[in-house]
Structure formats: structure tokens, C-alpha cells
Amino acid sequence: MEGERRSRILGGMSSDARSVTIALVSTVLFFTVLVLVITRSPGWPEVKAAFFNREVFSEAFPEVLRAFWLNIKIFCVAEVFILAFALVIAVLRSLPGPVFFPIRALAIVYTDFFRGIPTILLIFILGFGVPALGLSGVPTSALVWATVALIIIYSAYVAEVYRAGIESVHPSQDAAARSLGLSRSQSLRYVVVPQAVRRVVPPLLNDFIGLQKDTALIALIGPVEAFRQAQIDTSATFNFTPYVAAALIFVAFTIPLARLTDWLNERSRRRRLVAGIAP
Amino acid sequence: MNASPCLVLQDVHKSFDKREVLRGIDLSVAEHEVVCLIGASGSGKSTLLRCINLIEPIDAGRIFVAGQEVTAPGVDVNEIRRGIGIVFQSFNLFPHMTVLENITLGPRKALRLDRAQAAAQGLELLRRFGLKDRRDDYPDRLSGGQQQRVAIVRALAMQPQIMLLDEVTSALDPELVAEVLSVIRELAEGGMTMVIATHEMGFAADIANRVCFLDQGVLLEEGPPEQIFRSPSNPRTQEFLQRIIAEGRL
């Protein structure tokens, strides 16, 4: 009865079209209510003036966007080092046998320690501390050392992602490689690591997104990146709109990464289904 | 037939934790000889093969391949494995490589052949075993029988002195078993020295020069297939074969 009535209302629509319509209607309804609640709130006129000022926005946006170029540079440089360094740590941690115990222990201490320490603390310690040592031949730029801090911290996370990937490759793959006469390192390089990396691409991208946001932390020791530029504009205009501009820029950059991660996840899930029992 | 032994095992022992899986195995395999290991699951057939290939270290005893003691301290394990081909029950092809890449990896990286040379040699082997059309396919595009044939070719590409086959048809659908067995038969006819752990009794009777019956880590009885299958002397062998016959597998 119920189904019959609904199908009469929606005419001859297919079930796909029907669910799209339902999703659309409920989304529009939800956001209409949300906007109404916010704009009818007693403090809205003040908030609107302080955060969503059109003139301030159009003035601040280009400046913040220019400053964001520094975030991108930090992100790209750091990412290259993180991907390489983390892989080294993960491989060291997966070395078998009692001989390598000290190296394994060192890798474990590294990942435990640097996942535990707040990023902002390490940025302050390295960014202010190392240049103050006055060592010759060592860069004195706070920016360089803040980037190093990001590399150190994120390598600890990414190493764990790699390690999960390495451990997910079945030992029979290593046995097959070794039985051909490949050495342990050749087996790792040509058989185990390539499979491991393929499996962890989605979680790696997830960490990329985290890193992209955390480049803003570098502002706190001086370099003028997007967040710091927004701060400067805010103090010049006594208006918070530049922060909104910075937020939009960060989000615009991370959303494609997030979508890509989801798409890759979905694709690998489908592949596993197609492959059936493949490990 | 050359009389010099290709493989010699002397009093080989192997335990996993407290459980002794191999309890003093003595075995000698001549060049060009085909030896089939039969016995119930868990009798130690697979472990024995894995020990010969040094995938599993042995606890006591000695193993010689082509006159060289492979269990001697300080030997180059990688060097020794290059001369011993092993094929596993579960194929263990490298899923991220094409068929040709799978079979040229060993020659290129372990034998240091250049890419073209390894590819030429690999293609020749693929042609010989009717897999040439599959050279650029990834393993998940192949049937189980084709995958296992590729795995055999991968081991052959190293030009081993001896091949160890570990239940290579056990993971296959019944209709795919024959194509793999015919490859093994061809190897035997070509004079390849082989040690084959198998549940295919008919095949063992047909192809083996010698059949060895393993029971709880002990090599209980060995002899030509006619003798083992028709008139086994050990009561445990008789019992095992009767069970096999009752299940209709011989």
C-alpha cells in the first residue's frame, strides 16, 4: 500500500533517480534550516561584520593566497624527505634476527618518541634552538628548521604506515623471492616493498592532508605563510575575515586530496572483491 | 645414468617449537632421478623440501647438493638457492609483476643477466611450455593451472641442478591438474633431477624412479613404485595405501 502510494507520487522514476531526488531535497532542507538558525541568532550582525566582510575579504584574499605559496613549498619539500626517510625507518624496523635488535629498538624509540611529542613543541625547539647554537655550516633559518621538525614528526607516522604495509605482504612472497637466490635486501626491494607501498597509498595520502594543514604551524616562529599573512591582515583591519580566506584556501587544497584518497580506497576495495580470495 | 648423487641428506632433524617434524632423514638422490615423497598431511614432506632449499634451517644433520655441503657454516645461502628450484603449493607468484617479469627477476637480480638476455631466455621457456601469449599478463589474470606452470618456469629460469616440487597440484581445481602434471612429466623426460612431494598417487606411480613413504618425520620405506604401491612391506605403508585406495585416489 505504502509503496504503491509513493510510486504514484514519484511517477515512473527509476530507483536511482528517486534516491538522488531524496538526497537533494534533504540536503537543501538541512542547509536552509542551518542558515536560518545562524542568521536569526541575536549576535549574527556582529559576527557577520567581523568574519564575513566582503571588502576585507577581496583585499586580503590575494595576499593570503600569495603567502600560501610558501605552505605549498614547505609541503612539497617536506613530503619528499618524509617518504624516503620513513621508508628507511620502516625497513630498519622490519629487519629480522637478534643481530639487528639495537637497530630495531632505535627505530621503535624513534617512532614512539616523535609520535608522542606535540608538533608545535618540536618546531619551537628546533626553529629557535638550532640557529641559536651558532654552529658554522648549519643553516640558521628558522624556516629550514621548522620544516625539519615537520619532517621528523611526520616520518614517525608515515614509517608506521609503511610498516603496516610491509607486514601485510605474506611471508610466502619473501620465501619465493629468497628461493630464487635473491638476497634479503633484493627481496625487500623488488618483491616486498613494491607490494607494501601499493597497499598503503590511501593512508599515506591521509597523512599528506595532515601535513598540509600543519604547515600553518610554522607561522608561529615567524615565516609569513598563509596563516601568518591572515593574522597580519587581521591586525591591520581589526576584522577576522582574512582568517576565513585562509581557511577557504587550505580547504580548497586538501579537499581534492581527500577525494583522491576516497577514490583510491574504493578502487582497491573493488579490486579485492574482484580478485576474490587474493591476500 | 650418472651414479654421482645430486642430493644427499644425512640424519636430518627439524623441530618446530617442541614438535619434532623430521626425525633423522637419510636420503640420496642420483642425477636425473625422480623421487616422489608420499605420506599423510603433516608427515614432514613439505618441511623436508623447505629444509633442502634452506628456507627452514635444520637442527641437526647434513645436506649436500651436487657434492657441496649446503648446511656447512658460512656457506653463501643465496648462491646455493640459485641452484635449487622450488615450486610451492600456493604458486607464490609476484602479483605486481607480469609473467615475464616474474620469471626474469631471478636471472636478472641473482644471476646478473642483462634484461635482454634474461627476457630472451624467459620467452624461450614460456614458448616451450605454451605460455608465450601470457607474457604480459599479471598473475591474477591467469587460471590456477597457468599460474602454477608459470611458477615452474620461474624456478626453471634459474637453470637449477635440482627441482623440488611441494604439492604443486593440491591447490588446483581437478580439471587443471593434468596440465601441470604434463609439464612435470616433460621435465622428467628431459632428465631433470626432482624431488616431488605429492598426493597424486597415480602420477607418482607413473613418473617416479623411486617412491619414499614418510610417516611422522621418519622415512619408513622406499623403493621403486611397483614395489611400494603393489607390495609394501611396512604395515604403516600398507595402512596408508589402503586408506588412499579406499578414498579412490589410486
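Against chain B, the residues from residues 180-198 of chain A that qualify, each with a non-hydrogen atom under 4.5 angstrom away, are A:Leu180, A:Gly181, A:Leu182, A:Ser183, A:Gln186, A:Tyr190, A:Val191, A:Pro194, A:Gln195, A:Arg198 in number order. Residues of residues 65-82 of chain B lying under 4.5 angstrom from chain A, judged on non-hydrogen atoms, are B:Asn78, B:Arg81, B:Arg82 in numerical order.
If you take CE on B:Met158 and OG on A:Ser179, they are separated by 9.0 Å, rounding to the nearest 0.5 Å.
More than 12 heavy-atom neighbours from other residues, nucleotides or ligands sit within 6.0 angstrom of OH on A:Tyr110. Within 6.0 Å of CZ on A:Phe101 lie no more than 12 heavy atoms contributed by other residues, nucleotides or ligands.
Contacts of B:Asn53 with chain A are made by side-chain atoms alone, with heavy-atom separations under 4.5 Å and no backbone atom involved. For a residue to count as touching a neighbouring chain, one of its non-hydrogen atoms must lie under 4.5 Å from one of that chain's; by this rule B:Leu54 does not touch chain A. Residue contact with chain A, scored on non-hydrogen atoms closer than 4.5 Å, is absent for B:Leu164.
A pairwise comparison of heavy atoms in A:Ala176 and B:Phe88 identifies CA-CE1, 3.9 Å as the closest pair.
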